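From a predicted model like this one, the values you see are computed outputs, not experimental measurements.
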Protein chains: 4
Amino acid sequence: MTGRPRDPAVDDAIRQAALDLITEQGYRGMSMEGIAARSGVSKQAVYRRYPGKGEVILDVLAVYARTRLPTPDTGDLREDLLTLLEETFAAQRGVPGALNQALAAEALQAPAFAQRVSSELIAARRDAVRQILGRARDRGQVTHPDDEVLIDLVFGPMWYALLFDAGKLTDAYAAALTDAVITAATHVP
Amino acid sequence: MTGRPRDPAVDDAIRQAALDLITEQGYRGMSMEGIAARSGVSKQAVYRRYPGKGEVILDVLAVYARTRLPTPDTGDLREDLLTLLEETFAAQRGVPGALNQALAAEALQAPAFAQRVSSELIAARRDAVRQILGRARDRGQVTHPDDEVLIDLVFGPMWYALLFDAGKLTDAYAAALTDAVITAATHVP
Amino acid sequence: MTGRPRDPAVDDAIRQAALDLITEQGYRGMSMEGIAARSGVSKQAVYRRYPGKGEVILDVLAVYARTRLPTPDTGDLREDLLTLLEETFAAQRGVPGALNQALAAEALQAPAFAQRVSSELIAARRDAVRQILGRARDRGQVTHPDDEVLIDLVFGPMWYALLFDAGKLTDAYAAALTDAVITAATHVP
Amino acid sequence: MTGRPRDPAVDDAIRQAALDLITEQGYRGMSMEGIAARSGVSKQAVYRRYPGKGEVILDVLAVYARTRLPTPDTGDLREDLLTLLEETFAAQRGVPGALNQALAAEALQAPAFAQRVSSELIAARRDAVRQILGRARDRGQVTHPDDEVLIDLVFGPMWYALLFDAGKLTDAYAAALTDAVITAATHVP
DNA sequence: CACTAAACGAGACGGTACGTCTCGTCTTGTC
DNA sequence: GACAAGACGAGACGTACCGTCTCGTTTAGTG
């Protein structure tokens, strides 16, 4: 049979509580117990939806991801890449940054979860850069043979900053990084 | 006054136990309680030395760091950088990799700790690359204006890999990264 | 709301473990930790029921108290009092004696707890004597004006013995005490 | 060899610290560790003098005991007994009361210690009453056959009060108790 | 309309780890 | 040798989460 349907209000309450806790107290202060308490929901209701903290974060982040802008396409590699990076970095300075840090913390504690994050969340961001590079490659602009390395050059420093110095992710840094990556992408004989 | 000196055997037992636990069971399986139990030492003896897990890892890693080789200096930028990266990545495939992951996990849970890690451990690695770049710059080879960005290009992807795909850190990846970074460093007009 | 009801088996296991520990190892050997371990119950389960050791003992003793015989009423003051004292002292020679000692130890470390013990456990015993004295007083036998002092004469020596010489609490001692108290109760002009 | 003699200042500091702690924080707050810290003395210096908390208390109490008045001897049983009890009870309302409570707590946790307390400290108090009763017995006033029971009638209620209601030990209570005990002592045919 | 099945809040449960405290012993260097 | 200092193993303290498990109650469909 069907049984009682899940209450969407509960869904929202959980996500909201998770978000609140993580922004107010960081990953440390975000516990399944705390989420339930804060949202006025039973622990079971949380565990019914998510197998663990990681999945909660993943879901909360997905909400942000859904509202994100599409990949820029101005015909200019530098402009496209810069726009994307500026937007991405700007987000990392806000709530999504805290969520990504939490995500990283979870991933470090469960390799299987790291895999999921990689394929579900990170892949999308990488795709965006891959598209930009692909278009530039079609225009003969990009000569570097391996997109993946270039993409690592873009996002590696971002995660590095999230780990040890989140304040670094400014527009200026986005620009510097963009230039360096473009140089690496376009100056291979 | 002096008081009874700390027993070096206890120091070693703690470090060894921490190392064992982290390599066998990962960051998750490493607890202050477990370290004490495994090393046959009282919890107090552990807490007397380290205020938390993070500091233990930091200290264990320091032992590895101390035994690390000096910065290569062959007069050839590519060879120097490649050697350094290959060595560093090779280490990340082993025990130090697990330790670094643990370190990252801790750093994510305590920003103050992230700062310490940054200045005490990471700085040394960055210095090595800075020296290599500096020498090449003296030879007129490096034209990119900002060492820091270049260094981020080197280590960003490494941490990124440690977070989501540690298996990526092969010699081949070290080579690809080296080439990309050198391109970025040397092709700025 | 209701929530999952407490498991009575856990209640019993805790009480039994506490009882075992206190009889086998005395108050010293009875710890919240030990109770949990011995009963195969989590520490939380214990702390959920009792805020501290004292309350555990109090509860264990209550079980004994509930099964105690009613106040004797033969119409003869000496017989009534003697019976009560013999029974009470006999109990002190057994498990309840150890429990009472533990109770005293706890009471000495927390005045607030002493108050509780006084009103919840000791009061019942005093009431029994008060009833016996009251009936004798109705028969014109007891002339001493203050029951409370007489009751202190009865139980004071008992606690004194529990503190320093538990072996003293024999039937003979009960008889000697009974006689002395009756003399004090009945020979006031 | 003789070695360095013990520093009397250390002796005093320990006793003073123990006294302070016990009066300020009760038995709970009196720890060997605390005594050492408070007195500015090493733990070893404390343990060198006393095998445990109990002995410290015993020693501190002994100082008080030494300064106590001699057994009253006015030729009047009631007056002698009343004086003794009033003085004794008055002391229990003060610092010696707290010390006695601590003593009781210790005795409950180590039967062997209870024995020592009994023979060293309590015996003196009992002797005093025994002397008073003896003199009255010589005058043909006391007819009760057993001094020990009478002495229990005197001190039992005192310890009982120390356990559960220290406030009870007033002059009025001393008087009531004196009268009851004298009745018991003098009205046996 | 009754029945069924799942969701829901509440909260108990066995675990595990946390960080702190005190115990009684020991090991330094200094006096 | 006493002494201050403080390390050491042991073990209890009380708390916090984990993920699972009852409870009794509500809320849809389905028959």
Side-chain angles (χ1 to χ4, degrees), chain A residues 1-7 9-11 28-37 39-53, chain B residues 1-11 28-37 39-49 51-53, chain C residues 1-11 13 28-37 39-49 51-53, chain D residues 1-7 9-10 28-37 39-53:
Chain A
M1 302 288 167
T2 3
R4 173 175 176 178
R6 292 198 182 163
D7 186 343
V10 169
D11 290 43
R28 251 295 154 67
M30 178 211 169
S31 67
M32 293 300 265
E33 204 109 28
I35 291 171
S39 60
V41 143
S42 72
K43 273 170 71 175
Q44 203 51 252
V46 182
Y47 276 107
R48 199 175 290 128
R49 287 165 171 79
Y50 310 100
K53 288 210 280 190
Chain B
M1 303 288 169
T2 352
R4 176 176 175 177
R6 294 204 179 157
D7 187 344
V10 170
D11 289 43
R28 257 277 155 84
M30 178 211 168
S31 64
M32 295 299 267
E33 199 112 27
I35 291 171
S39 60
V41 142
S42 71
K43 276 170 70 173
Q44 272 302 347
V46 183
Y47 278 107
R48 198 175 291 127
R49 287 166 171 77
K53 294 211 282 188
Chain C
M1 303 286 171
T2 347
R4 175 175 178 177
R6 295 206 178 155
D7 186 345
V10 170
D11 289 44
R28 257 280 155 81
M30 179 210 168
S31 65
M32 295 298 266
E33 199 112 27
I35 291 172
S39 60
V41 142
S42 70
K43 275 170 71 172
Q44 273 301 346
V46 183
Y47 278 106
R48 199 175 290 129
R49 287 166 171 78
K53 293 211 285 187
Chain D
M1 302 284 169
T2 9
R4 173 174 173 179
R6 293 198 180 164
D7 185 345
V10 170
R28 247 306 146 64
M30 178 211 169
S31 66
M32 294 299 265
E33 205 108 31
I35 291 171
S39 60
V41 143
S42 72
K43 275 172 68 176
Q44 203 50 250
V46 182
Y47 276 107
R48 198 175 291 127
R49 288 164 172 78
Y50 310 100
K53 287 211 280 190

d(CG, A:D11; P, E:dA7) in whole Å: 11 Å

C:Y47 OH - E:dC18 C1' separation (whole Å): 14 Å

Length of the line joining B:R28:CZ and E:dG15:C1', which is rounded to integer Å: 14 Å

Nearest heavy-atom neighbours spanning C:S39 and C:A13: CB-O, 3.4 Å

Whole-Å gap separating C1' (E:dG15) and CD (B:E33): 12 Å

Short side-chain N/O contact from B:R49 to OP1 or OP2 of F:dG6, under 4.0 Å: no

Using the 3.5 Å cut-off, write out each protein N or O paired with an N or O of nucleotides 23-26 of chain F and the distance between them.
| residue | atom | partner | partner atom | Å |
| --- | --- | --- | --- | --- |
| F:dT26 | O2 | A:R4 | NH1 | 2.7 |

Touch class at under 4.0 angstrom, heavy-atom based, for A:G40 against every strand present: sugar-phosphate

Gap between atoms CG and P, on D:D7 and F:dA2 respectively (whole Å): 12 Å

Distance test, side-chain N/O of D:R48 to OP1/OP2 of F:dC3, below 4.0 Å: yes

Taking every non-hydrogen atom, the tightest pair across A:D7 and A:R49: O-NH2, 3.4 Å

Nearest-angstrom distance from the residue atom CD1 of B:I35 to P of E:dA17: 11 Å

Gap between atom CG of B:D11 and atom CZ of B:R6 - 0.5 Å precision: 7.5 Å

Touch class at under 4.0 angstrom, heavy-atom based, for D:G52 against every strand present: nothing

Contact check, side chains of A:K43 and A:E33, non-hydrogen atoms, under 4.5 Å: yes

Closest non-hydrogen atom pair between A:M32 and A:Y50, with its separation: CE-O, 4.1 Å

Upstream residue (5' side of DNA chain F) when D:R6 and C:G34 are each assigned their closest nucleotide: D:R6

Check: E:dG24 base within 3.5 Å donor-acceptor of D:K43 side chain: yes

Closest to side chain of C:Q44, choosing from E:dG15, F:dA4, E:dC23: E:dG15

Of C:V10 and B:M32, the one whose closest DNA chain E nucleotide lies more 5': C:V10

Check: B:S31 main-chain N/O paired with B:K53 side-chain donor or acceptor under 3.5 Å: no

